Every structure is written in C-alpha cells, then in structure tokens.
Number of protein chains: 2
Amino acid sequence: MQRKEFTIDCQLCIHLKDSLFNGLSPEDLSRINNHKTCIQYKKGQNIFYEGTRPTGLFCINGGKVKVFKNNVQGKEFILYIAKPGDFLGYRALLSEEFYCATATVLEDAKICFIQKENFFEVLQKNPVFMKKVVKQVCQQMGIMEERMAELAHKSVRERLAGSLLMLKETYGMEGEESVLLDIALSREDWASLVGTATETVIRLLSDFKADELISFEGKKIRVLDPKRLAKQADLIVA
Amino acid sequence: MQRKEFTIDCQLCIHLKDSLFNGLSPEDLSRINNHKTCIQYKKGQNIFYEGTRPTGLFCINGGKVKVFKNNVQGKEFILYIAKPGDFLGYRALLSEEFYCATATVLEDAKICFIQKENFFEVLQKNPVFMKKVVKQVCQQMGIMEERMAELAHKSVRERLAGSLLMLKETYGMEGEESVLLDIALSREDWASLVGTATETVIRLLSDFKADELISFEGKKIRVLDPKRLAKQADLIVA
DNA sequence: GGCGATTTATGACAAAAGTCATGTTTTGCC
DNA sequence: GGCAAAACATGACTTTTGTCATAAATCGCC
C-alpha cells in the first residue's frame with residue numbers, strides 16, 4: 001500500500017473552524033502542525049484496525065471514513081461516518097485501550113496524523129482544549145445512547161428512515177424541495193449503518209422510492225419528502 | 001416524596017477506593033465532602049429525569065440504580081445499572097446538555113449529591129482527576145460501542161445470555177460451581193436491559209432454566225453453567 | 001389471612017426480518 | 001467494447017420476535 005503524502009498548514013486548513021483545534025493558541029497549533037504527517041488514502045484503504053494499539057490521532061482533511069466493528073461472522077456495524085474536520089481514534093487514545101473498531105476510507109481521503117505525544121502535550125498544557133475534548137466525547141456518548149435505544153426498540157424501517165435523515169443533516173445538499181445526500185454508500189454499507197441485512201435495506205429503499213420519499217441519483221440518494229420520512233422514522237402508531 | 005438524609009464522610013466511605021474520587025488530595029476530597037448532600041432513596045424513586053437540566057453529580061453510596069431511556073410507546077431501554085462507588089449524571093454535566101435518560105432506584109439506595117460548582121472546581125484544579133474522568137468516559141464509550149454492535153447483530157437469546165454473564169461480573173456471588181447474581185431484576189427490567197419484549201425474556205429464561213444453565217432463587221438468578229452460557233451468548237454457528 | 005394488584009407464565013398467532021437461491025444490472029479493467 | 005466481478009434486485013421460504021389474550025402465581029397491604 002503506497003503512502004502518498006501531501007502538505008497542508010493547520011492554520012490555513014479550511015476545516016479548522018469546525019475542528020476541535022479551533023481556538024488553539026498559535027504556538028499550540030504550530031506544535032501540532034510541525035509534528036504531523038499528512039497522507040492521502042484511496043477508497044477502501046484502512047486507517048487503523050480493531051485490536052491494535054493507537055499511536056496517535058487522525059484528523060480528516062478531506063474525504064469520508066467509516067468506523068466500524070466486525071462481528072464473528074464478519075458482519076459490519078458502522079459506529080460513525082467521519083467527515084472533514086473530524087478527529088478519529090482519540091477515544092482509544094484517551095481510554096488507553098486498543099482500537100475497538102476499524103476505520104476504512106469510503107471516499108478518497110486526506111488525513112493528518114498527530115503523534116499522541118504531541119496531542120497529549122497540548123491537551124495537558126491547555127485546559128480549555130481539554131474541556132472541549134471532554135465535551136465532545138460526552139456529546140458523542142449522548143448520541144450513542146440515543147442510537148442504542150433506537151436499535152433496541154425501533155424497527156429496521158424506522159431506523160433506515162432515521163439514518164437517511166441523519167445523513168441529510170451532514171451531507172444534505174439543499175435544492176428546491178428535495179435534498180441530495182452527498183455521500184455514496186453501497187447497500188451493504190447502509191445495512192451496516194442501520195444494523196440489518198443487505199437484502200432488507202434493498203427492499204426498504206425500494207419501498208421508500210416507490211412511496212416517493214426518496215429517489216436514486218447514481219450511487220447517491222435524494223430525499224424527496226423529509227417530513228413523511230420523519231413519520232416513517234418515528235412510529236407508525238404515533 | 002420525603003427526603004431522608006444521612007451522613008457519611010467521603011474519607012471513610014468504603015467505596016472510595018473503587019471511585020473516581022480515589023487519589024484526590026485531602027483538601028479536594030474535603031471540599032467535596034463538605035458541600036455534599038446525602039439522601040436515602042426507596043426502591044422506585046427517581047433520582048433524575050430525562051429532559052431536565054443537571055445541577056450536580058450523584059455518587060452512589062449504597063443500593064442499585066438503573067439509568068434508562070423511555071421511547072415514545074413508553075418502552076424502557078436500560079443504559080446502565082449503577083452500583084455503589086459509581087458516579088451518575090456526569091456525562092450530561094460535562095457535555096452541558098439536559099439529561100438524556102432517567103435514573104430510578106432498583107434497590108433502596110443512599111446517594112450523595114455534589115453541586116456541579118464543587119465538582120467543576122476540583123476538576124479544573126486537578127489535571128490528574130480530570131484525566132481519570134476522561135479515561136472513564138472513554139472506557140464507558142468503548143463498552144457502549146461494543147454493546148451497540150451486539151444489539152445490531154446478535155439475537156435476543158445471545159444478548160440475554162450475554163447480559164447474564166455481564167451482571168455476573170458485577171453482582172456474582174461465588175459459590176461452589178455456581179454463581180448467584182445478587183441483583184433482583186423484574187422480567188420487565190431484564191427485557192429493558194436486553195432490548196426485547198417481556199414475554200420473550202420470560203420464555204428465554206425458562207429455556208435457560210430447562211437447559212440447566214441457570215436456576216431461579218427467589219427474585220434472583222443463579223448462573224449454573226457460565227461456560228455453556230457463554231456459548232449461547234456468542235454464536236450458535238461458531 | 002385474605003383480597004386486589006402486580007408479576008410471571010403460556011399459548012396462539014401475526015409481523016418482521018433473515019437466509020438462500022437466482023437473476024439482473026453496473027462497474028472496473030484489459 | 002467485452003468480460004468478469006461486484007453490486008443490486010427479487011422471490012420463496014424459515015426463523016425470530018412481538019403482540020394479544022388469558023391464566024397462574026406472587027406480593028403488598030389492610
């Protein structure tokens with residue numbers, strides 16, 4: 001696997017404002033900047049593997065990455081889909097554990113790697129940054145708790161509708177009325193995200209299409225009727 | 001709802017060694033100690049409610065507490081079962097959000113309440129404590145990710161077997177061969193923990209009993225054969 | 001100690017979702 | 001442009017799980 005490097009200055013990174021590094025002092029940011037390695041990844045390449053020891057932090061500059069767990073039969077479950085500006089792998093770093101998930105590139109990505117020593121140094125020196133990281137982790141945890149409860153008690157149909165709306169928030173490109181999801185997921189990835197079988201996703205997406213809730217646009221999905229989709233996501237009874 | 005208070009000195013608390021407060025300097029600990037309120041709760045009482053604003057941190061001195069989310073149809077999903085020494089409600093405190101779950105006493109409890117101002121003060125002054133809190137949150141998150149993947153791809157049978165083994169770790173009272181789970185959960189609570197219907201839990205527990213994997217002892221369950229139960233928890237195929 | 005309420009248990013059935021087989025379409029690549 | 005591989009789609013069928021009804025057991029309380 002060839003390592004194609006690239007160069008970017010953190011200070012000039014367009015994702016800085018969306019990132020946890022936003023607000024860092026110029027010295028701290030340049031400490032990060034001067035010690036990072038930036039690598040280009042192709043679709044399908046892995047960034048880190050479940051069960052290995054983390055050695056640093058990944059910061060996504062471009063592209064999309066899925067973070068997933070593999071079960072014994074090899075079925076994936078997608079924990080997150082990370083976008084530019086997101087940090088990756090800091091959970092395991094802070095809990096001092098091995099990675100409990102694998103990260104794979106969904107769409108060609110540019111990713112910066114920050115050695116854990118540099119990350120920890122800035123973290124320790126900078127209580128405000130620490131506080132932001134903690135806040136982020138705790139927010140993420142709230143999201144997970146919500147998702148877990150849905151996994152426990154919602155039907156696959158409801159969860160799929162919910163996932164469509166969730167991705168709409170992050171990847172939705174507003175048009176008139178409808179919204180194109182600017183992310184190309186295979187049916188298998190959708191299944192891993194929702195926690196179901198590929199065939200089930202295919203059937204349900206076809207249903208949604210037949211009901212004119214969504215339409216297909218190449219490998220992408222257009223959300224035609226978010227409101228009715230939201231009804232599908234909640235409860236048939238409600 | 002009557003508030004029965006009680007008194008306990010943090011320095012003398014038998015759970016201090018298991019708690020995140022362990023290792024705090026005498027001054028910091030006495031700051032916590034001097035500003036806390038200790039309340040006795042009866043089974044069924046609520047400690048905090050989903051959707052309300054957290055005002056402090058709960059530290060469990062005795063008893064057992066379930067933390068759960070309620071879905072639209074009123075179905076519960078239990079996120080955690082907290083035991084003496086555990087902190088409660090700090091996630092929402094650190095993410096500066098409303099509680100996203102409700103906490104209810106499962107077995108009569110003694111709980112200390114620490115105003116958020118005092119908690120944050122100690123947190124800010126004490127980077128080592130902060131680091132421990134962060135580590136704890138991140139570990140918890142790893143556990144949640146694991147559980148979420150199981151929820152997505154394991155059968156109810158596997159998850160129930162897994163929950164029995166999980167509670168065995170915390171509440172197991174070792175005997176010869178078998179282990180009594182020292183926690184009295186209703187079938188409904190088991191269902192909320194596993195993420196299924198009450199009837200399904202009843203049937204599966206009966207199955208496990210018929211297979212001599214477990215036995216019933218009053219309201220408690222005795223694990224007779226952890227190894228075979230572990231096989232049930234993993235994969236029928238494996 | 002008995003009575004009503006709650007919890008546990010069981011059966012019958014329906015609905016949801018998974019699996020397997022097979023076919024079709026799309027994609028990547030030489 | 002053609003071919004193999006991968007992705008997508010559909011049908012048939014099975015299994016799992018949820019729901020509803022009802023009965024039995026247990027608990028709390030006067």
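Throughout, protein chains are lettered first and strands after them, A, B, ... in sequence-line order, and every chain is numbered starting at 1. The structure presented is a predicted model; accordingly, all values stated were derived computationally and were not measured.
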Check your understanding: What is the bend of the helix from C/dG1-D/dC30 to C/dC30-D/dG1 when you compare the axis at one end with the axis at the other, using five pairs each and rounding to 10°?
Key -> 50°
Practice item. Summarise how protein sits on nucleotides 5-12 of chain C as a single string, 5' to 3': B when a protein heavy atom is under 4.0 Å from the base, S for sugar-phosphate-only contact, - for no contact. Key: --SSBBBB
Point to revise | Side-chain N or O of B/K154 closer than 4.0 Å to phosphate OP1/OP2 of D/dT17 | key: no
Check your understanding: Just how far, in rounded Å, is P of C/dG18 from CZ of B/R157?
Key -> 18 Å
Revision key, fill the gap. A/F77 atom CZ is separated from C/dG18 atom P, nearest whole Å, by 13 Å
Check your understanding: Which sits closer to the 5' end of DNA chain C, A/G218 or A/A197, going by the nucleotide each is nearest to?
Key -> A/A197
Give the table of side-chain donor-acceptor pairs shorter than 3.5 Å for residues 190-206 of chain B, with sequence neighbours excluded, one pair per line with atom names and distance.
{"unit_1": "B/S192", "atom_1": "OG", "unit_2": "B/E188", "atom_2": "O", "d": "3.0"}
{"unit_1": "B/S206", "atom_1": "OG", "unit_2": "B/I202", "atom_2": "O", "d": "2.9"}

Study note, to complete from the structure: When rounded to whole Å, the CD1 to P distance for the pair A/I214 and D/dC8 reads 13 Å
Point to revise | Verdict with supporting geometry, A/Y41 and A/E107, side-chain hydrogen bond (donor to acceptor under 3.5 Å, both in side chains) | key: CA-CA 9 Å; A/Y41 292 83; A/E107 293 179 17; over 6 Å; no
Point to revise | With sequence neighbours excluded, residues passing side chain to side chain contact (heavy atoms under 4.5 Å, CB included) with A/K83 | key: A/D86, A/T170, A/Y171
Practice item. Kindly say whether B/M166 contributes a backbone atom to a donor-acceptor pair with the side chain of B/E169 at under 3.5 angstrom? Key: no
Study note, to complete from the structure: Atom CG of B/L204 and atom P of D/dT15 are separated, to the nearest Å, by 17 Å
Check your understanding: Counting just side-chain N and O atoms, does B/T200 come under 4.0 Å of either OP1 or OP2 of D/dG18?
Key -> yes
Check your understanding: In this structure, are over 12 heavy atoms from other groups packed under 6.0 Å from A/R228 atom CZ?
Key -> yes
Check your understanding: For A/K220 and D/dA7, what is the distance between atoms NZ and C1' respectively, to the nearest whole Å?
Key -> 18 Å
Check your understanding: Which whole-number value in Å describes the distance from A/H153 NE2 to C/dA17 P?
Key -> 14 Å
**Study point:** Carboxylate-amine/guanidinium proximity below 4.0 Å for A/K43 and A/D108
**Key:** no
**Study point:** For B/E97, all residues meeting side chain to side chain donor-acceptor pair (under 3.5 Å), sequence neighbours excluded
**Key:** B/R91, B/S95
Practice item. Assert yes or no for the condition that the ring centre distance of A/Y49 to A/Y99 is strictly below 6.0 Å. Key: no
Distance-only donor-acceptor hits, side chain of residues 207-220 of chain B, under 3.5 Å, sequence neighbours excluded:
{"unit_1": "B/E217", "atom_1": "OE1", "unit_2": "B/R222", "atom_2": "NE", "d": "2.8"}
{"unit_1": "B/E217", "atom_1": "OE2", "unit_2": "B/R222", "atom_2": "NH2", "d": "2.9"}
{"unit_1": "B/K220", "atom_1": "NZ", "unit_2": "B/D182", "atom_2": "OD1", "d": "2.6"}

